[in-house]
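Keep in mind that the numbers below use all heavy atoms, side chains included, and drop hydrogens, waters and symmetry copies. Note that the structure is a prediction, hence the values are computed from the model and not measured.
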Amino acid sequence: MSAVIWRPRKSRLSKLIDQSGGLSVGIALKQAATELKALEAESRAIVAARIADLSALVPPESDEPRGERLEQAYGLSSAVIQAAGPFNRDDLCAAAAGLCDLIDAAEPGKPFDWRIVTVHAQALKLILSLPDDAAEARAEVLNGLSQVLARKRPLAETAPD
């Protein structure tokens, strides 16, 4: 009869992980926050530019395929989320995500109410222009947008299963 002896070997990576050194989590988080703070102004400029682009979108003509303009609006709204998200601008992200949700829920072959895009662009401008301590005003704007979302989303999506 033979016996199998298994000796676990430690990998080089596990030895490196077990050794002390490097940065502590706290220091790494502080450094990351400092680096993010330096990018905040650039993020704000990107958000403002995408909101301006969204505001400048013209409703599609009746004979133009509406999908192209909606895709542009969706892309610009998504870009707002990408630029504002890392800086904890949940208000901007929520407003932009609401527009994305409404565009996603648009039924093919049915007309899309372009006023939704206009209202969201104006709301995003307003949220961006509010001072940092205007949490109540931001909440009111977001509440209004959530009402638009509830009313304009197709009934099939809001009906319980």
**Item:** Those residues that, when tested against Glu40, pass side chain to side chain donor-acceptor pair (under 3.5 Å) (two or more places apart)
**Value:**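 With neighbours one apart ignored, the set is Lys37.
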**Message:** Quick one: does any side-chain atom of Ser146 pair with a main-chain N or O of Asn143 as donor and acceptor, under 3.5 Å?
**Reply:** yes
**Message:** What I'd like to find out is whether the side chain of Leu99 reaches to under 4.5 Å of the side chain of Tyr74, using heavy atoms alone.
**Reply:**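 They are not in side-chain contact.
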**Prompt:** Where do Gln31 and Ile27 land on the side chain to side chain contact (heavy atoms under 4.5 Å, CB included) test, with the steps shown first?
**Reply:** CA-CA 6 Å; Gln31 287 177 350; Ile27 292 172; 3.9 Å; yes
**Asked** Does anything in residues 43-60 pair up under side-chain hydrogen bond (donor to acceptor under 3.5 Å, both in side chains), and if so which pairs, sequence neighbours excluded?
**Response**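 Matches after skipping sequence neighbours: Arg50-Asp53.
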**Request:** Begin with the C-alpha distance, continue with both residues' side-chain angles, and end with the deciding distance and a verdict on side chain to side chain contact (heavy atoms under 4.5 Å, CB included) for Val47 and Leu124.
**Result:** CA-CA 9 Å; Val47 168; Leu124 285 164; over 6 Å; no
**Item:** Closest non-hydrogen atom pair between Ala97 and Ser77, with its separation
**Value:** N-OG, 4.5 Å
**Request:** Give the intermediate values and the outcome of side chain to side chain contact (heavy atoms under 4.5 Å, CB included) for residues Phe112 and Arg69.
**Result:** CA-CA 11 Å; Phe112 182 79; Arg69 298 281 172 101; over 6 Å; no
**Request:** Flag yes if Val80 and Ile46 sit in one hydrophobic cluster, no otherwise; membership is Ile, Leu, Val, Met, Phe, Trp, Tyr, and two members link when side-chain heavy atoms are under 4.5 Å apart.
**Result:**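 No, because Val80 and Ile46 fall into different hydrophobic clusters, even though each may have its own neighbours under 4.5 Å.
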**Approximate separation, where rounding is to 0.5 Å, of Leu57 CG and Glu68 CD** = 12.0 Å
**Request:** Find the distance between CD (Gln122) and CD1 (Ile127) and round it off to the nearest 0.5 Å.
**Result:**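 So the gap between those two atoms works out to 12.0 Å.
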N/O donor to acceptor pairs below 3.5 angstrom from side-chain atoms of residues 81-93, sequence neighbours left out:
{"from": "Arg89", "atom 1": "NE", "to": "Asp91", "atom 2": "OD1", "distance (Å)": "3.2"}
{"from": "Arg89", "atom 1": "NH2", "to": "Asp91", "atom 2": "OD2", "distance (Å)": "3.1"}
{"from": "Asp91", "atom 1": "OD2", "to": "Arg138", "atom 2": "NE", "distance (Å)": "2.4"}

